[in-house]
Each structure stands twice: as structure tokens, then as C-alpha cells.
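Contents: one structure, followed by commentary.
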2 protein chains.
Amino acid sequence: MPDSEYRDIRKLDLFTHMADDNFTSLMRGAYVQNFPAQIELITEGEPSDFLHIVISGSVDLFSSWNGRETSMATVRPISTFILAATIKDAPYLMSARTLEKSRIALIPSQDVRAIFDVDSNFARAIVTELAQCYRSVIKAQKDLKLRTSLERLANYLLRQQRHAGGGAAFELDFEKRRLASVLGMTPENLSRAFKGLQPYGVTVTGTRISIDNQADLERFAKPNPLIDDFST
Amino acid sequence: MPDSEYRDIRKLDLFTHMADDNFTSLMRGAYVQNFPAQIELITEGEPSDFLHIVISGSVDLFSSWNGRETSMATVRPISTFILAATIKDAPYLMSARTLEKSRIALIPSQDVRAIFDVDSNFARAIVTELAQCYRSVIKAQKDLKLRTSLERLANYLLRQQRHAGGGAAFELDFEKRRLASVLGMTPENLSRAFKGLQPYGVTVTGTRISIDNQADLERFAKPNPLIDDFST
DNA sequence: CCGAAGGGTTGACATATATCAATTGATTTG
DNA sequence: CAAATCAATTGATATATGTCAACCCTTCGG
């Protein structure tokens, strides 16, 4: 693993406070691999052998049941995924596939659990990370249960706008079909939802979104930090 | 706090492995209170001052947005709630109200965080608990996104049946209106959904459910451990 | 340049779900 | 007991969302 990647991983909240020895030992057992797009990295139901870290590219976490499939989240660099399964030594609840060419580090789960047992700084970091993940899913659940698809899209756009720097125009960082899945609707419906937001000053050109009337859209979307603010 | 309650709390996964001193010190700062039914214990958005433990009775965790409200979960004895907010020292994402006369222990959040910092067994237990909570919400999310309301009800009944011991007949442990909210539908729709399950051998009499044709219902519900098994 | 493939869009339609209003039935309360 | 509540149900209807098929448009490879 190149030194710069090593340092980038070390800087993750999860690893930054742990003892040097332990970090080194974790990394010794890890390996890094480049994957092409559309590769299924893990499959739900399988035992959780590795903690994954996305170094570059992006990964879609999705889930299937009875022939249906839904996108649960997208993981972007640099962050980990399936921490909970690793810690609990339980089967993956979600599958993961690369969305593009991606570089992924794999740390054997048993190493993570072993270091977790001896390094209390690491254990504490894991607590914070899991609490964060938990709260994110709760927010997603509130979004799903309390809002219509049009409201979900409107609030997604406002979040994405803020994430992109706050300007009136910005790019979607999803393919639309997957955005639809993330938002819990069909691609056809997403298309109509974009039209449904036109009266509130939303213009779409390909993946470029322009919010022409910020106040109007916000009045409709009614964003709420307890749902839309991912930092708390 | 009576001795028996003290011991019951001590036996919770969360507290069972921590040092005696630390547990005692946690409990010293705690207080226990009896609440009547329908009392709002906490309100979403408020700072998380206390970790709550339900000793008896039951508590509904719910959330509101734009005049709508939804039930997120029900907490039954003996377990804790809002651990994540306590740990992160972040605002509650959900409100909580007693469903019946309930006895609740309140542990100051800062005590929990302080002991968490010095007792690594406690920290580890918190990790396990949070990982469990996280996975439960992911399952709930899959349930919501991948299933129709009829399928959710069918699978809920199968889970509840198992929880009640596996017999063909059992009691709902929810008021129907709240079950509807938990399952993400209206009470009217729940009523119709019960009718919709009649062809699969489900009989409803008040809160009593009878599953007359187990195989039929399972064939329709297609239960899946990665969604319906709460123990993993 | 052509044609195939695939994402995106659109329209017509089907289904699922919510809403509203009215009624029933059980439970509580004076 | 009777009145008052409130949950549960039912029917009629509206709205939201999904499905299917067709088409458009871009991209990519021969």
C-alpha cells in the first residue's frame, strides 16, 4: 500500500486515535485491491470476513428480496462500510458493488475484533462511528415514513446543493436510476417528480440541477435538521 | 431503587460486564420514576440529558414532521433507549411517550459518557448494543423499501407468532392503530390488510390472531432472516 | 457512418395507499 | 345504566405510485 494511502486511512476518525502498534498490525493483515466497475464485492447473507475501506471510486450498498432490489446507501472515499457486521461477527445485511473503478482496502474482521478488544481508543472510535451510522439510518427512516416521494426529492436536492457548496446550480452525484432507488421510487416516478418540482423553481438539464427559487423550494421541502443534517 | 430492580438492570448486556464500582457509580446518579400512560418522556430535538431504561410498562418511540407522525419502535422491559444520542451528546432524533403506566430509570448522559471513557468492558458492551440497534434499523428499512404493506403485515404476524411461542394463535402486543403506524400505513389500510390475508388463512378477532394455514402464509410472506430475524 | 445498447423520458393504465365520512362496537365515566 | 369516548371498521373516493410500452437521446463499437 502506498504511503499516502496508509496515511489517509490513518486519518479516518476510526483509526486516528488508536495506538501506532495496533494500527500497523491492522494494516499488515490488510490488502488493497483495484476493482473494475460493477463488481459485486460482498453479498448479503455471507459471513463478514473483512472490514472494507473505499480508498477511491464509489460503492453502492443494496439489498434484495423476492426479486426486488433497493439501493440503501452509497459509500464514497475515504470511509469504511459494514462495520456493524464485522463487529458482531454476523452476516452482511447488504450487498455491495462498485459503481466505478474503485480501490478498496480489506481488513480481516477477526483482526478488527482482536484490536478492538485491546485498544480502548479504537473501541471508543468504533462506538462513535456506529452511533453516527445508527443515527443516519434513523434519519433515512424518518425521511421514508414521513415524506412523500416529491418531498424526499426536494430535500435531497437541498442536501446535495449544500454538499456541493451551496450555489444555485450543481451536479447530481448519482445516476438517476440509482437516485430513484435510494429515494425509494421508480426511475419513471423520479422523472415525474423532477417535473413536479418545476413550479418551485427547479430546472434539470441532464445531471445538472439549478435551483432558481431557493425560498420557494425550501418552503415546499421544509428541511429539518433532525432528518436532513447528516453531521449531527 | 429496590434491590431486585438494581439486579435486573445489572443483568442487561449493556451493564453485565462492567466493573462493580462503575456500575454502582452509574446507579448512584440515576433516579427511577413512575409515569402514567401517555406521558411524553422526551421530545425530539432536545439535548440528550439522560439514558433511559424501561423497567416496566412500555414506551413508544415516534417522530414527527410537518404535522405527520410515525411510530419508529416500541421499547419493552428491560431495555434502554436513545443510547446513540447519549453517546454522541447529540439531540434526540425521536420522541418517546409511555404507552401505559411505566417505571423508567434515568441515568445522566454525562455519567454514561464518563464511565464509558474509563471502563473498556462497558465501552465494548456499548459497541455491541449499538451494532445491534444499527442492524435492526437496517432490517426495518429493508422491510419498508422492499415490501408492500400486505407483505409487511404478513411478516410481522409471523415474527410476532414466533415471539409468542410459535403456536397457531397469539395476541398482538400492539394497539392496531400503532401497529399501523409502525408498519408504515394508516389504520384503515391495516384493517383492509388483515382482510387481505384471510385467503392465506389468517383470522383476526380483536387482538387475537390465528394462523390457520402456516405454510400458505409463509409462502406468501417469504420471511427472510436478513430482514425478520431480530437476533442476528 | 451505422446500429446496438442503455439510460432517460413520456403516456396510458393498473394498483396501492390515503383520505373522508359514516357506522359499529367496546370501554369508560358520571 | 346511559352518555360519552375512542378504537376499529367499512364504503366511496382521491391521490400517489408502480407498471408497461414506446420513444428519444447519447454513447460506443464496428
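Each chain gets a letter, A, B and so on, in the order the sequences are listed, and its residues count up from 1. What you see is a predicted model; the values in this text were computed from it and never measured.
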Taking N and O atoms by type only, does the side chain of B:R192 place a donor or acceptor under 3.5 Å from a partner on the base of C:dT19? yes

For atom CZ of A:R178 and atom P of C:dG7, their distance in whole Å: 11 Å

Nearest to the side chain of B:S191, heavy atoms from C-beta on, is which of D:dT9, D:dG18, C:dT9? D:dT9

When rounded to whole Å, the CG to P distance for the pair B:L146 and C:dA16 reads 17 Å

Starting from P on C:dT17, measure out to CZ on A:R147 and report it in whole angstrom. 21 Å

Can B:D143 and B:K139 be said to form a salt bridge (Lys or Arg N to Asp or Glu O under 4.0 Å), step by step? CA-CA 6 Å; B:D143 192 43; B:K139 286 171 196 160; over 6 Å; no

What is the separation between atom CG on A:L190 and atom P on D:dG18, rounded to the nearest whole Å? 11 Å

Taking only the side-chain nitrogens and oxygens of B:K195, find out if one of them lies under 4.0 Å from OP1 or OP2 of D:dT9. no

Specify the separation, in whole Å, of atom NZ of B:K145 and atom P of C:dT17. 16 Å

For B:R162, is there an ion pair with B:D228 - N to carboxylate O distance below 4.0 angstrom? no

Per atom distances to the A:T148 side chain, the nearest of D:dT17, D:dT9, D:dG11 is D:dT17

Just how far, in rounded Å, is P of D:dC6 from CZ of B:R177? 10 Å

Name the residue closer to the 5' end of DNA chain D, choosing between A:L150 and B:F174 according to the nucleotide with the nearest heavy atom. B:F174

Report, as yes or no, whether the 6.0 Å neighbourhood of atom CG on B:D13 holds more than 12 heavy atoms from other residues, nucleotides or ligands. no

How long is the straight-line distance from CG of A:L146 back to CE of B:M72, given to the nearest 0.5 Å? 7.5 Å

At under 4.0 Å, does any side-chain N or O of B:N189 touch on OP1 or OP2 of C:dT17? no

Given atom CG of B:L179 and atom C1' of D:dT9, what is their separation to the nearest angstrom? 15 Å

Would you mind telling me which of C:dT17, D:dA8, C:dG7 lies closest to the side-chain atoms of B:S149? C:dT17

Can you find a side chain N or O atom of B:T186 that sits less than 4.0 Å from OP1 or OP2 on C:dT17? no

Could you pull out the closest heavy-atom pair between B:A90 and B:S48, with the gap in Å? O-OG, 3.0 Å

Taken to the nearest whole Å, CD/B:E188 to P/C:dA16 is 18 Å

